[in-house]
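Please read the structure below before turning to the comments.
All values below were derived from every heavy atom in this structure, side-chain atoms included, with hydrogens, water molecules and symmetry-related copies excluded.
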There are 2 protein chains.
Amino acid sequence: MSIRHAILGFLSWKPFTGYELKRLFADSLSFHWSGNNNQIYGSLVELHRSGAVSIEVQQQEKLPARKLYTITEEGRAELRAWLLSEPELPAFRSLAHTQLAWAECLSDAELDGLLASYERKLADQAIMCRERMRRSLEETGEAGYAGAGRAEPRRNARERLVWRSIDESQVAFYETELGWTKNLRLRLKELSDEGR
Amino acid sequence: MSIRHAILGFLSWKPFTGYELKRLFADSLSFHWSGNNNQIYGSLVELHRSGAVSIEVQQQEKLPARKLYTITEEGRAELRAWLLSEPELPAFRSLAHTQLAWAECLSDAELDGLLASYERKLADQAIMCRERMRRSLEETGEAGYAGAGRAEPRRNARERLVWRSIDESQVAFYETELGWTKNLRLRLKELSDEGR
DNA sequence: CAAAGCATGTAAGCAGTTACATGATTGT
DNA sequence: ACAATCATGTAACTGCTTACATGCTTTG
């Protein structure tokens with residue numbers, strides 16, 4: 001579970017419950033985990049079993065007990081070790097590219113329809129990301145940019161720069177792919193005009 | 001299994017054995033499947049069970065029997081239906097970004113080391129991709145560009161354009177991320193120089 | 001003689017997903 | 001009255017991965 005390290009990361013800020021962690025993942029732009037229950041609650045059990053976190057159970061009158069997880073020294077050591085480990089190559093996957101690859105089975109119009117549909121999705125996504133970033137900036141003010149969806153105040157300029165860059169690279173990704181799609185449509189159109 | 005459709009795609013060119021399909025996936029730049037046995041052979045069994053492919057067993061004297069898979073009309077219909085279905089958003093995942101997100105646990109030097117290591121990996125990967133594309137061009141000649149690692153001759157200008165664009169977007173992805181990394185290193189350096 | 005290629009397959013496991021299950025509280 | 005928020009957890013599944021298992025042939 002690679003989400004294990006991301007959870008330790010959040011807990012390095014301050015203690016959280018599973019529910020809160022779930023929110024943090026769901027609200028974030030750049031963490032690719034959906035924050036589903038199985039992963040969060042399962043990882044927390046595992047983290048506790050291996051001594052990376054401690055639990056404080058807070059009984060509540062009517063609601064289920066909150067379990068507040070706090071990172072331990074072992075947990076911090078594990079997090080640091082991971083941060084210092086060799087980074088992996090990033091991955092770019094587009095099933096739409098795979099569809100495109102077999103475009104010979106489609107007519108010019110059908111192929112352009114597929115691309116148009118991809119283009120629309122990308123444009124929507126790019127706008128949504130930009131909007132979320134904008135709102136995040138508004139909430140906290142430029143100097144306090146926390147990263148889209150993450151409410152914890154960033155502690156210094158270095159961290160703000162890093163989080164902001166990460167979010168920007170995410171938006172840039174969609175925008176680059178959008179540009180690529182537009183360009184391909186254009187070039188395909190030129191080609192079919194030539195052939196006439 | 002989304003690889004199912006990619007296999008149908010290859011079989012739409014001509015019949016292949018499992019072994020050959022495995023090669024096609026392993027050699028390709030832009031298909032993200034590793035082409036491991038379990039997936040290929042498993043999918044082929046499944047495709048046959050559902051009537052999308054037919055099998056011709058060719059006994060060989062010393063080697064194990066070759067099973068040559070041919071796409072059926074049902075298979076072609078399934079492929080076309082998938083090609084016309086709504087494309088999904090592409091995905092960009094970088095665990096390195098997650099490492100970066102918790103950079104507060106690292107010193108300036110350690111953070112720069114992480115970025116330097118990421119940068120090197122990306123540069124190597126970009127060079128490797130470019131090289132593979134170049135070799136693929138050499139083999140087949142500009143006009144016949146088949147897509148890196150895929151030996152089937154492309155049938156017309158439209159398909160060549162699409163395949164080439166797909167490979168280029170893959171390389172551009174690594175190069176964009178490389179540029180992003182360099183830029184972030186630079187901006188972090190400026191920041192730490194300011195603070196002095 | 002070792003490595004790579006040809007050719008099939010299986011076992012075990014990891015990471016991630018959706019959907020289900022329960023149930024009180026607060027806001028529209 | 002309905003939806004959203006708080007709060008925990010489980011079941012079943014998909015997609016993909018590495019490694020194992022067998023065994024012959026060709027190339028360096």
Spacing of B/Ile40 atom CD1 relative to C/dT10 atom C1', expressed in whole Å | 16 Å
With sequence neighbours excluded, give me every salt bridge (charged side-chain N to carboxylate O under 4.0 Å, His left out) pair touching residues 5-18 of chain A.
-> A/Lys14-A/Glu152
Can you list every salt bridge (charged side-chain N to carboxylate O under 4.0 Å, His left out) pair that touches residues 18-40 of chain B, not counting sequence neighbours?
-> B/Glu20-B/Arg66
Quick one: name the residues clustered hydrophobically with B/Tyr19, using the 4.5 Å side-chain heavy-atom rule over I, L, V, M, F, W, Y, and just say none if it's on its own.
-> B/Tyr41
Rounded interatomic separation in angstrom, taking CG from A/Leu44 and P from D/dA7 = 14 Å
Atom CZ of B/Phe16 to atom C1' of C/dC6: distance rounded to whole Å?
-> 16 Å
For A/Leu186, what are the other residues in its hydrophobic cluster, where any two members join if their side-chain heavy atoms are less than 4.5 angstrom apart?
-> none
Separation of A/Lys22 atom NZ from D/dT10 atom C1', in whole Å?
-> 13 Å
Just how far, in rounded Å, is C1' of D/dT8 from CD1 of A/Ile55?
-> 12 Å
Take the protein atom CD of B/Glu46 and the nucleotide atom C1' of D/dT14, then report the distance between them rounded to whole Å.
-> 12 Å
Between B/Glu119 and B/Arg185, does at least one N-O distance fall below 4.0 Å, as a salt bridge requires?
-> yes
Any side-chain donor near an acceptor of the partner, B/Ser117 and A/Glu86, under 3.5 Å | yes
Calculate the interatomic distance between B/Phe25 atom CZ and D/dT17 atom P; express it in whole Å.
-> 11 Å
B/Tyr69 and B/Phe10: aromatic ring centres closer than 6.0 Å?
-> no
Counting heavy atoms not belonging to B/Gln58, are there more than 12 under 6.0 Å from its CD?
-> yes
Given D/dG9, C/dG9, C/dC6, the nucleotide with the shortest approach to the side chain of A/Tyr41 = D/dG9
Report, one pair per line, the protein and nucleotides 16-21 of chain C atoms (nitrogen or oxygen only) whose separation is under 3.5 Å.
residue	atom	partner	partner atom	Å
C/dG16	OP1	A/Trp33	NE1	2.7
C/dG16	OP2	A/Trp33	NE1	3.3
C/dG16	OP2	A/Gln39	NE2	2.8
C/dG16	O5'	A/Gln39	NE2	3.2
C/dT17	OP1	A/Ser34	N	3.3
C/dT17	OP1	A/Ser34	OG	3.4
C/dT17	OP2	A/Ser34	OG	2.8
C/dT17	OP2	A/Asn36	ND2	2.8
C/dT17	OP2	A/Gln39	OE1	3.1
C/dT17	O4	A/Asn38	ND2	3.4

To the nearest Å, give me how far apart CZ (B/Phe31) and P (D/dC16) are.
-> 13 Å
Got more than 12 heavy atoms from elsewhere within 6.0 Å of CD, A/Glu110?
-> yes
Sugar-phosphate only, base, or nothing, as touched by B/Gly42 at under 4.0 Å among non-hydrogen atoms = nothing
State whether A/Tyr19 places a side-chain N or O below 4.0 Å from either non-bridging phosphate oxygen (OP1 or OP2) of D/dT8.
-> no
Which comes earlier along DNA chain C counting from the 5' end, the contact point of B/Lys67 or that of B/Arg23, where each point is its nearest nucleotide?
-> B/Arg23
Mark up nucleotides 22-28 of chain D, 5' to 3', with B wherever a protein heavy atom is under 4.0 angstrom from a base atom, S wherever such an atom reaches only the sugar-phosphate, and - elsewhere.
-> -BBS---
